[in-house]
Participant: 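My questions will all concern the structure given below.
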Amino acid sequence: MHKHFEIIKKSTEAKARVGKIHTSHGIINTPIFMPVGTQGSVKSLSQDDLYDLGAEIILANTYHLYLRPGMEVLKQAGGLHKFMNFSRPILTDSGGFQVFSLGDLRKIDENGVLFSSHIDGSKHYFTPEKVVNIQKDFGIDIMMCFDECVKYPEKYEYVKNSVNLTTKWAKKCKSEFEKINENNQFLYGIIQGGMYKDLRKESIDELLELDFDGYAIGGLSVGEPLDEMLDIMSYTADFMPEEKPRYFMGLGSPLEIWNCVEQGIDMFDCVMPTRNARNGTLFTFRGKLNIKNAQYKFDFSPLDDECDCYVCKNHTRAYLHHLFRANEILALRLNSLHNISFMLKFLLKIRESILNDDFLRQKKMFFEKYQNSEGKNNV
RNA sequence: GGAUAGGUGGCCGAGUGGCUAAAGGCAACAGACUGUAAAUCUGUCGAACUAUGUUCUACGAAGGUUCGAAUCCUUCCCUAUCCA
C-alpha cells in the first residue's frame with residue numbers, strides 16, 4: 001500500500017507543495033478544497049453533481065450524523081459511503097466544532113462533552129473514544145480527533161487549559177484508534193491554542209509525539225481579524241511535519257486559501273461556497289457578487305465569463321437573479337454548483353501554478369483580478 | 001332603490017382621542033455569512049434639510065368638535081356582499 005501522503009512537487013518560490021493523499025476510496029490531489037456535506041449531503045447537490053464537478057473528497061459531520069439518522073441506520077446501511085452512495089473519499093469532523101458553535105447547548109468536562117441535541121433537546125455525551133468509534137462505524141476515510149474549538153476572543157488561561165484538554169483527548173483518540181483501526185482509515189490531530197503562539201507551539205509539540213496521519217489547524221477563522229489569522233496560521237504551519245498532510249479546518253475565502261497554500265497548507269474545507277450560494281453571494285474570478293442585487297435584473301451576461309461550469313455555460317445573471325428573487329429551489333442548486341465549481345477550479349489553478357513553478361505570479365494575477373473588479377469587499 | 005361591512009404608507013393588514021410618521025407581514029434597497037442549529041440573519045424602507053435633530057406632507061374627500069383626531073360628529077365619493 002502507498003504511503004498515506006506523498007509530495008509530488010515542492011514550490012521553489014514558497015512553502016507550497018503539490019501532493020497526493022491515498023485512501024481506500026481513491027486519491028486526493030492537494031492542495032484540495034473539500035465541499036462540506038455535514039449531514040451526508042452537500043446541500044442542494046447530488047452525488048453525481050459532485051463527481052461531475054470534480055470533487056475528490058467531501059466532508060461530513062460526526063455529531064450531526066450520529067444524532068440523525070443515528071448509528072443503527074448507518075451500521076445497517078454498511079457505512080456512510082454506501083448509505084449516501086458516494087464512492088470517493090470522505091473526511092468526517094469530530095464534533096469539536098459543535099463544541100464551539102453550539103455554545104449554550106453543551107457542557108465540557110475532563111472526559112468529554114455533554115450535548116443537548118439541537119434537534120430534540122435529548123442529551124448525548126461525547127468522549128474521544130466514542131467519537132473515534134462512531135467514525136470507525138461510519139467507515140469514512142479520514143477521521144478527526146475530538147477537540148475543543150475555542151471561541152474568539154478568549155483569555156489565555158482558558159485557552160491554556162483547553163489546549164491541555166485537547167491534547168489529552170488526542171491521546172485517547174489515538175490509543176482508541178490503534179485498537180480498532182483496520183488500516184483503511186486515517187486519524188488526524190487538531191492543533192489548538194487560540195491566538196497565543198506559545199500555546200500553539202505547545203499544542204503541536206504534544207501532538208507530534210502521537211504521530212498522527214495528518215495534522216490540522218483548528219480554532220482559527222472564528223472571528224479574529226484576518227492578519228491575526230494569517231500570522232497564527234503561518235507560525236503554526238512551520239511546525240507541522242512536512243511529510244504529512246496539513247489541513248486548515250474551516251477555511252475559507254479564495255484569498256485566504258492562496259495565502260495558506262503559500263505557507264504549505266494542503267487541505268481546506270468551508271461551508272462558505274455552499275452557504276453563500278444559498279444566500280445569493282457568488283464567487284467569480286472578478287470577485288464576489290450578490291446575485292440578489294437590482295443591477296443584475298437585466299444583466300444577460302454569464303455569471304462569470306471565465307468559468308465553464310454548467311451554470312455559466314447555460315444561464316444568465318438575469319435568470320439567476322430572477323430565480324433567487326422568486327424563491328425558486330433551482331436558484332440554490334445552480335448557485336451551489338457554480339460556487340463549488342469555482343472553488344475546485346481555483347484550487348486546480350493553484351496546483352498547476354506550483355507544478356509550473358509559477359505560484360507567486362499566478363497568485364498576484366489572481367489577487368489583482370479578484371480584488372480590483374466589480375465585486376465588493378473581496379478578501 | 002334598500003341593508004350590512006369597509007376605505008390606513010408600493011401591497012396586505014393592526015390600530016377606535018395624546019405614548020402614531022402609524023404594529024406586523026410582504027415587496028423593495030443594501031449588508032453579513034469561514035471544521036453548517038442557516039434556502040439564514042442584520043440594517044434601511046413618506047419627503048426635505050443647516051440630518052443621532054428639525055420642518056413639511058400623510059390614514060377616501062370636504063367641513064366640524066377638541067388644547068390635541070387615523071381614531072368622535074356631519075355631508076359627500078368609492079368598494080364588497082346580500083335583498084328588491
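Just so we're on the same page: letters track the sequence lines, and every chain starts at 1.
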Participant: Who is the Watson-Crick or G-U wobble partner of B/G53, with both distances under 3.5 Å?
Facilitator: B/C49
Participant: Would you indicate what A/Gln192 reaches in the nucleic acid, counting non-hydrogen atoms under 4.0 angstrom: base, sugar-phosphate, or nothing?
Facilitator: base
Participant: Can you tell me which residue among A/Gln192, A/Glu148, A/Glu154 is in a side-chain hydrogen bond (donor to acceptor under 3.5 Å, both in side chains) with A/Ser162?
Facilitator: A/Glu148
Participant: Can you find a heavy atom in the side chain of A/Gln362 that is under 4.5 Å from one in the side chain of A/Asn356?
Facilitator: no
Participant: Figure out the CG/P separation between A/Asn339 and B/C33, and round it to whole Å.
Facilitator: 14 Å
Participant: Can you find a pair of side-chain heavy atoms, one from A/Ile204 and one from A/Tyr215, that are under 4.5 Å apart?
Facilitator: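 No. Closest side-chain heavy atoms not under 4.5 Å.
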Participant: Can you check the distance between B/U71 and B/A23, where both ends of the measurement are the C1' atom (answer in whole Å)?
Facilitator: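 Straight-line distance between the two C1' atoms is 16 Å.
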Participant: Take atom CG of A/Asn290 and atom P of B/G43, then tell me their distance rounded to the nearest Å.
Facilitator: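 Going from A/Asn290 (CG) to B/G43 (P), I get 17 Å.
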Participant: Within the structure, does a side-chain N or O atom of A/Asn61 lie under 4.0 Å from either OP1 or OP2 of B/U36?
Facilitator: yes
Participant: Check this one for me: any side-chain N or O of A/Thr281 less than 4.0 Å away from OP1 or OP2 of B/C33?
Facilitator: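 No.
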Participant: What is the distance from CG of A/Leu105 to P of B/A38, rounded to the nearest Å?
Facilitator: 12 Å
Participant: More 5' along RNA chain B: A/Gly218 or A/Leu332, using each one's nearest nucleotide?
Facilitator: A/Gly218
Participant: What is the pairing partner of B/U16, taking Watson-Crick or G-U wobble pairs with both distances under 3.5 Å in any strand?
Facilitator: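 By the stated definition (distances under 3.5 Å), nothing pairs with B/U16.
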Participant: Mind calculating the distance between CD (A/Gln39) and C1' (B/U36) to the nearest angstrom?
Facilitator: 8 Å
Participant: Using a heavy-atom cut-off of 4.0 Å across all strands, would you classify A/Gly219 as base, sugar-phosphate, or nothing?
Facilitator: base
Participant: Where does B/A51 land, syn or anti, given syn is within 90° of 0?
Facilitator: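 This nucleotide is in syn.
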Participant: Check whether any side-chain nitrogen or oxygen of A/Gln98 sits under 4.0 Å from OP1 or OP2 of B/U36, and answer yes or no.
Facilitator: yes
Participant: Please state the C1' separation for the pair B/A70 and B/G13 - nearest whole angstrom.
Facilitator: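 Going atom to atom, C1' in each nucleotide, I get 14 Å.
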Participant: So A/Phe212 and A/Pro245, do their side chains get closer than 4.5 Å, heavy atoms only?
Facilitator: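 With C-beta onward as the side chain, the pair stays apart.
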Participant: Taking the minimum atom-to-atom distance to the side chain of A/Asn279, which one of B/A32, B/G35, B/U34 wins?
Facilitator: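 Within the option list, the nearest is B/A32.
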Participant: Calculate the interatomic distance between A/Asn335 atom CG and B/A38 atom C1'; express it in whole Å.
Facilitator: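 From A/Asn335 CG to B/A38 C1': 15 Å.
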Participant: Is B/A22 paired to anything, Watson-Crick or G-U wobble with both distances less than 3.5 Å, and if yes, which nucleotide?
Facilitator: none
Participant: Less than 4.5 Å apart, side chain to side chain, heavy atoms only: is that true for A/Phe248 and A/Thr236?
Facilitator: no
Participant: What distance, rounded to whole Å, do you find between the two C1' atoms, one in B/A32 and one in B/A38?
Facilitator: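 Looking at atom C1' only, B/A32 and B/A38 are 12 Å apart.
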Participant: Remember a base hit wins even if backbone is also touched, and classify A/Ile190 as base, sugar-phosphate or nothing at under 4.0 Å, heavy atoms.
Facilitator: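 It contacts base atoms.
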Participant: How many whole angstroms separate atom NZ of A/Lys292 from atom P of B/C26?
Facilitator: 14 Å
Participant: Phosphate oxygens OP1/OP2 of B/U34: is one of them under 4.0 Å from a side-chain N or O of A/Ser221?
Facilitator: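 Looking at the OP1 and OP2 atoms of B/U34, neither is under 4.0 Å from any side-chain N or O of A/Ser221.
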Participant: Give a yes/no answer on whether the side chain of A/Arg275 brings an N or O atom under 4.0 Å of OP1 or OP2 in B/U34.
Facilitator: yes
Participant: Over how many whole Å does the gap from A/Leu255 atom CG to B/U34 atom P extend?
Facilitator: 17 Å
Participant: Can you tell me the base-pairing partner of B/A28? Count Watson-Crick or G-U wobble geometry only, both distances below 3.5 Å, and say none if there is no partner.
Facilitator: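 WC or wobble partner is B/U44.
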Participant: Hey, does A/Leu91 reach any base, or is it just sugar-phosphate, or nothing, if we go heavy atoms under 4.0 Å?
Facilitator: nothing
Participant: Provide the distance between the two C1' atoms, one in B/U65 and one in B/C72, to the nearest whole Å.
Facilitator: 8 Å
Participant: Between B/A21 and B/G46, how far is it from one P atom to the other, in whole Å?
Facilitator: 13 Å
Participant: Taking atom types as they are modelled, is there a donor-acceptor pair under 3.5 Å from the base of B/U34 to the side chain of A/Glu256?
Facilitator: yes
Participant: Pick base, sugar-phosphate or nothing for A/Ser101, based on heavy-atom distances below 4.0 Å to the nucleic acid.
Facilitator: base
Participant: With rounding to whole Å, what would you report as the distance between B/G7 and B/A14 at their C1' atoms?
Facilitator: 15 Å
Participant: Taking the basic N atoms (NZ, or NE/NH1/NH2) and the acidic carboxylate oxygens, is any pair closer than 4.0 Å for A/Asp266 and A/Arg17?
Facilitator: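 Looking at A/Arg17 together with A/Asp266, the answer is yes, because their closest N to O distance falls below 4.0 Å.
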Participant: Tell me whether A/Asp141 is salt-bridged to A/Arg88, with the criterion being a basic N under 4.0 Å from an acidic carboxylate O.
Facilitator: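 No, this pair does not count.
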Participant: With C1' as the reference atom in both, quote the distance from B/C29 to B/C19 in angstrom, rounded to an integer.
Facilitator: 30 Å
Participant: State whether A/Asn276 places a side-chain N or O below 4.0 Å from either non-bridging phosphate oxygen (OP1 or OP2) of B/U40.
Facilitator: no
Participant: Does B/A27 have OP1 or OP2 sitting under 4.0 Å from an N or O in the side chain of A/Arg325?
Facilitator: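 No, because none of the side-chain N or O atoms of A/Arg325 sits under 4.0 Å from OP1 or OP2 of B/A27.
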Participant: B/A38 pairs with which nucleotide, Watson-Crick or G-U wobble, both distances below 3.5 Å?
Facilitator: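 B/A38 is paired with nothing.
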Participant: Within this structure, what is the CZ-to-P distance between A/Phe324 and B/A27, rounded to whole angstrom?
Facilitator: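 To the nearest whole Å, that distance equals 12 Å.
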Participant: Find out whether A/Phe33 and A/Cys270 are in side-chain contact, i.e. whether some heavy atom of one side chain is under 4.5 Å from a heavy atom of the other.
Facilitator: yes
Participant: Can you tell me the pairing partner of B/U4 across any strand shown, Watson-Crick or G-U wobble, with both distances under 3.5 angstrom?
Facilitator: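 Matched B/U4 with B/A80 under the 3.5 Å cut-off.
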Participant: If we take the P atom in both B/U16 and B/U66, what is their distance in whole Å?
Facilitator: 24 Å
Participant: Base, sugar-phosphate, or nothing: which does A/Asp269 touch, judged by heavy atoms less than 4.0 Å apart?
Facilitator: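 Counting heavy atoms under 4.0 Å across all strands, the contact made by A/Asp269 is with sugar-phosphate only.
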